[in-house]
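Worksheet for the structure shown next.
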Amino acid sequence: MGEYCPFVVCHVPLTLLLAVRAHYRKKRKFELGRQAAATKIGAKRVHTVRARGGNLKYRALRLDTGNYAWGSENITRKTRLIGVVYNASNNELVRTNTLVKGSIIQIDATPFRQWYEAHAFSIQYAQPVTKKGKSTIEATDEPKKLSNHAQRSLDAKKKDAKIDPLLESQFAAGRLYASISSRPGQSGRADGYILEGKELEFYLRKLRSDKKKHAHA
């Protein structure tokens, strides 16, 4: 009988010891993964990509505008993208101004301000959005005549017609916080909605905490 050797376990193939599995088939077209779009802010540049079934994907490489909804006022306007300010998944996407779904960005407030000041059937319309701001709409001597029903409807809505103070401060600065809800690398668009209420408060807290972290670093 020979001496006991602790290193000899059993007769196991080397491939199993190294956890290397043998390939049982070649690569398939439907298993492929494409390079990320990494959409940036700039003059619009969108490429088309042929996908399965002859369908097309629209790979946005550069975008500078998008359609954004103002939920509480029930309107949507095309506006300019200014920059990325927060991304929950990766700070590198903020540093490089990369547009992805779920990013928190800043957009130009001008189209929404103009609509609010000019809209005929709004409650505080034809007056500035902010207390310090000036209306961009010229005042006319003759007020627009409304039917009795329309006038009563406006009077009833005036009681609850107030812009959120957090939104008002953003209008004063000319920039609004918004979230991208489309997929720029798939649809070729950077559309989304303006942040309001609890969601806006949440992301403002996140932005403040990030600034404090960078200040101490």
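One-based numbering along the sequence shown. Heavy-atom basis, side chains included; hydrogens, waters and symmetry copies ignored.
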Query raised in the report: Are side-chain N/O atoms of S182 and K101 paired as donor and acceptor at under 3.5 Å?
Result: no
Exercise for review: Check whether any side-chain heavy atom of K57 lies under 4.5 Å from a side-chain heavy atom of T48, and answer yes or no.
Suggested key: no
Between the CD atom in Q106 and the CG atom in L176, the distance rounded to the nearest 0.5 Å is 9.0 Å
Spell out, yes or no, whether V49 and L32 are grouped together once hydrophobic residues are joined by side-chain heavy atoms under 4.5 Å, including indirect joins.
no
Minimal heavy-atom distance between L93 and V84, with the atoms involved, is O-CG1, 4.2 Å
### Task
Please check if the side chain of R28 supplies one atom and the backbone of K26 the other of a donor-acceptor pair under 3.5 Å.
yes
Just checking, is any N or O donor in the side chain of S103 or N87 under 3.5 Å from an acceptor N or O on the other one?
yes
**Prompt:** Would you find a donor on one side and an acceptor on the other, under 3.5 Å apart, between the side chain of R59 and the backbone of G185?
**Reply:** yes
One should read off an interatomic distance between L63 CG and R80 CZ, to the nearest 0.5 angstrom, of 14.5 Å
Checking T65, L99, N97, D64 against L81 for side-chain contact (heavy atoms from CB on, under 4.5 Å), the one that qualifies is L99
Taken to the nearest 0.5 Å, the spacing of D191 CG from S179 OG works out to 11.5 Å
Note: P184 and T39 closest approach over all heavy atoms is CB-OG1, 3.6 Å
According to a hydrophobic-cluster definition based on side-chain heavy atoms being under 4.5 Å apart (Ile, Leu, Val, Met, Phe, Trp, Tyr only), do Y193 and I105 belong together? no
Note: F171 and R113 closest approach over all heavy atoms is O-NH2, 2.6 Å
Smallest heavy-atom separation, E196 atom then L167 atom, equals OE2-CD1, 3.6 Å
Nearest heavy-atom approach of A190 to Y68 is O-OH, 2.8 Å
When every non-hydrogen atom of P111 is compared with those of K78, the smallest separation belongs to CG-O, 3.6 Å
Check your understanding: Can you tell me if CZ on F30 sees more than 12 non-hydrogen neighbours from other groups inside 6.0 Å?
Key -> yes
May I ask whether L61 and I180 are part of the same hydrophobic cluster, defined by side-chain heavy atoms of I, L, V, M, F, W, Y residues being less than 4.5 angstrom apart, directly or through others? no
Does Y203 have its ring centroid less than 6.0 Å away from the ring centroid of Y86? yes
Heavy-atom check, side chain of F202 versus side chain of R205, under 4.5 Å:
yes
For atom CZ of R52, is the number of surrounding heavy atoms from other residues, nucleotides or ligands below 6.0 Å larger than 12?
no
Quick one: are Y177 and L166 in side-chain contact, heavy atoms under 4.5 Å? no
Check your understanding: Any chance CZ of R189 has more than 12 other-residue heavy atoms, nucleotides or ligands included, within less than 6.0 Å?
Key -> no
**Study point:** ILVMFWY cluster, L195 and L207 together (side-chain gap under 4.5 Å)
**Key:** yes
Item checked: W70 and W115 aromatic ring geometry - parallel, tilted or perpendicular at 30°/60° bounds -> perpendicular
>> Looking at D108 and T79, would you say the former's side chain and the latter's main chain have a donor-acceptor pair under 3.5 Å?
In response: no
- prompt: Should the pair E31-K27 be classified as a salt bridge under the 4.0 Å nitrogen-to-oxygen rule?
  reply: no
**Message:** Within a 6.0 Å radius of atom CZ on R77, are there more than 12 heavy atoms belonging to other residues, nucleotides or ligands?
**Reply:** yes
* Going by heavy atoms in the side chains, are I194 and I107 under 4.5 Å from each other? -> yes
Taken to the nearest 0.5 Å, the spacing of Q170 CD from F112 CZ works out to 11.5 Å
Within the structure provided, determine whether Y58 and Q186 are in side-chain contact (heavy-atom separation under 4.5 Å). no
